[in-house]
**Q** 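Take a look at the following structure, please.
Just follow the structure's listing: the first ligand is 1, and inside any ligand the first atom is 1.
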Amino acid sequence: MRKIPEPGPAMLARKYSVTMNRNSLSPSRREILKNVVDKDALLCSLNERIDREVMEKAGPKLKVISTLSTGYDHIDIKEAKKRRIQVTFTGEVLSEATADLTFALILAVSRKVVLADNYVRQKKWKVGWAPDLFLGSNVYGKTLGLIGAGRIGRAVAQRARGFDMNILYHNRRRLEKKLEYDMRARYVEMDTILRESDFLSIHANLNNESKYMINESKLKRMKNTAYLINTSRGQLVDEMSLIKALKNNWIAGAALDVFESEPLTASSPLIRMENVVLLPHIGSATYQVRSKMSEIAAQNIIEILEGRKTPYLVN
Ligand code: DGY
């Protein structure tokens, strides 16, 4: 994978012979296929698709694939299982940081923070306080809908309580009473969360069933004053339909940290829209979290190569 923060690389270099891409760009598919041959362990990130071909090239020595991420939708887990390769992830370490960023997006899009900042920087601020300058929408007291109530969704709910928000959630399985109570959230069906949320925030895993869970018909059921927030995976939302929804004012705006294809191309209509906030997939991007992720990803490899168990096993 590309160069990653310490301490992971040093931890591995102390024990093993490591082939590491020192580049700040991800390795090409060709480089991955060439360098994976005969390795015991593979450290990857969500930029690299680790499928049957990669595992095949690695050969029978490969015991562990450790991803420097919480999501593992870029790895063919079934294929790994078939080959008895253990797949590990970095657990819930990013939940609080991602919840912080989700809230930053909620505030940024509803209060036009990015537009207003640009306005000042572009020296367009000519008069002082103005009664109608950058009017946005309240966050305080509004209804927040959470699709997905895992650790990140619940951490977002915790922040929302401070804003006195009415919290709804929809999840594959309803949470047990105690968790629901702690979250101060009401479980509702998908249709209700779409119709009632002022902010609809996605915190679900990406898999075959959840891909494009937010599609044209769902966007049409949202309030035209509502905002869609996504800090999970871009492919949970059908981006073409979202663009249509934003252009036709089916919803008021969107704040996105993730996209169907990353990086977002310069030709994406999203880039020219004022009612969106766009970030380059930085949900977990704090020094503290990235360094912990690096440590966990390296430790996962060490544990497995030394015949021990890790709590961060996927399969
Ligand atoms: C993850 O880990 O899955 C995030 O999307 C990136 O840190």
**Q** With atoms numbered from 1 as shown, which atoms in ligand 1 lie under 4.0 angstrom from a non-hydrogen atom of Gly71?
**A**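 Answer, ordered by atom number: 1 (C), 2 (O), 3 (O).
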
**Q** Could you tell me whether Arg233 and ligand 1 have an N or O pair separated by under 3.5 Å?
**A**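 Checking ligand 1 against Arg233, an N or O pair does fall under 3.5 Å apart.
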
**Q** Is the side chain of Thr90 donor-acceptor paired with the backbone N or O of Ser69 at a distance under 3.5 Å, no angle test?
**A**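 Between the backbone of Ser69 and the side chain of Thr90 there is a qualifying donor-acceptor contact (under 3.5 Å).
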
**Q** Which of the atoms in ligand 1, numbered in the order shown and given with their element, are less than 4.0 Å from a heavy-atom of Leu94?
**A**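 The atoms of ligand 1 under 4.0 Å from a heavy atom of Leu94 are 1 (C), 2 (O), 4 (C), 7 (O).
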
**Q** I'd like to check which ligand 1 atoms, numbered from 1 as shown, lie under 4.0 Å from a non-hydrogen atom of Met293.
**A**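 Atoms satisfying the 4.0 Å criterion: 2 (O), 7 (O).
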
**Q** Could you check which of Asp257, Thr70, Asn47 puts a non-hydrogen atom nearest to atom 1 (C) of ligand 1?
**A**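 Considering heavy atoms of Asp257, Thr70, Asn47, the nearest to atom 1 (C) of ligand 1 sits in Thr70.
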
**Q** Just jot down the ligand 1 atoms closer than 4.0 angstrom to any heavy atom of Leu46, in number order.
**A**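 It comes down to these atoms of ligand 1: 1 (C), 3 (O), 4 (C), 5 (O), 6 (C).
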
**Q** Give the atoms of ligand 1, by number and element, whose distance to some non-hydrogen atom of Ser284 is under 4.0 Å.
**A**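 Heavy-atom distances to Ser284 below 4.0 Å select 6 (C), 7 (O).
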
**Q** Is it the case that Arg184 places NZ or CZ above or below the six-membered ring of Tyr181, under 6.0 angstrom from the centre and within 45 degrees of the axis?
**A**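 Flagged: Arg184 positioned over aromatic ring of Tyr181.
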
**Q** Judging by distance only, is a nitrogen or oxygen of Thr90 under 3.5 angstrom from one on ligand 1?
**A**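 Looking only at distances, the answer is no, because the N/O contact criterion of under 3.5 Å is not met.
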
**Q** Please check whether Leu68 reaches ligand 1 - meaning an N/O of the residue sits under 3.5 Å from an N/O of the ligand, judged on distance alone.
**A**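 Among all N and O atoms of Leu68, none is under 3.5 Å from an N or O of ligand 1.
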
**Q** Arg290 versus ligand 1: do any nitrogen or oxygen atoms come within less than 3.5 Å of each other?
**A**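 N/O-N/O distance under 3.5 Å: no.
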
**Q** For Asn230 and Arg233, indicate whether the former's side chain and the latter's backbone hold a donor-acceptor pair under 3.5 Å.
**A**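 Pair found, side chain donor or acceptor close to backbone of Arg233.
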
**Q** Can you sort out which atoms of ligand 1 are near His281, meaning under 4.0 Å from one of its heavy atoms?
**A**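 Near His281, meaning under 4.0 Å from one of its heavy atoms, ligand 1 has 4 (C), 5 (O), 6 (C).
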
**Q** Kindly indicate whether the side chain of Leu133, heavy atoms from C-beta on, has any atom under 4.5 Å from the side chain of Tyr119.
**A**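 When only atoms from C-beta onward are counted, Tyr119 and Leu133 do touch, with a gap below 4.5 Å.
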
**Q** When you measure from the side chain of Asp100 to the backbone of Phe103, do you find a donor-acceptor pair of N or O atoms at a distance under 3.5 Å?
**A**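 Checking the backbone N and O of Phe103 against the side chain of Asp100, no donor-acceptor pair under 3.5 Å is found.
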
**Q** Check whether any side-chain heavy atom of Leu105 lies under 4.5 Å from a side-chain heavy atom of Tyr227, and answer yes or no.
**A**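 They are not in side-chain contact.
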
**Q** Using the ring of each side chain (for Trp, its six-membered ring), is His170 parallel, tilted or perpendicular to Tyr187, with breaks at 30° and 60°?
**A**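 Ring orientation of His170 relative to Tyr187: parallel.
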
**Q** Can you find a pair of side-chain heavy atoms, one from Val109 and one from Val276, that are under 4.5 Å apart?
**A**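 They are not in contact (no side-chain heavy atoms under 4.5 Å apart), so the answer is no.
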
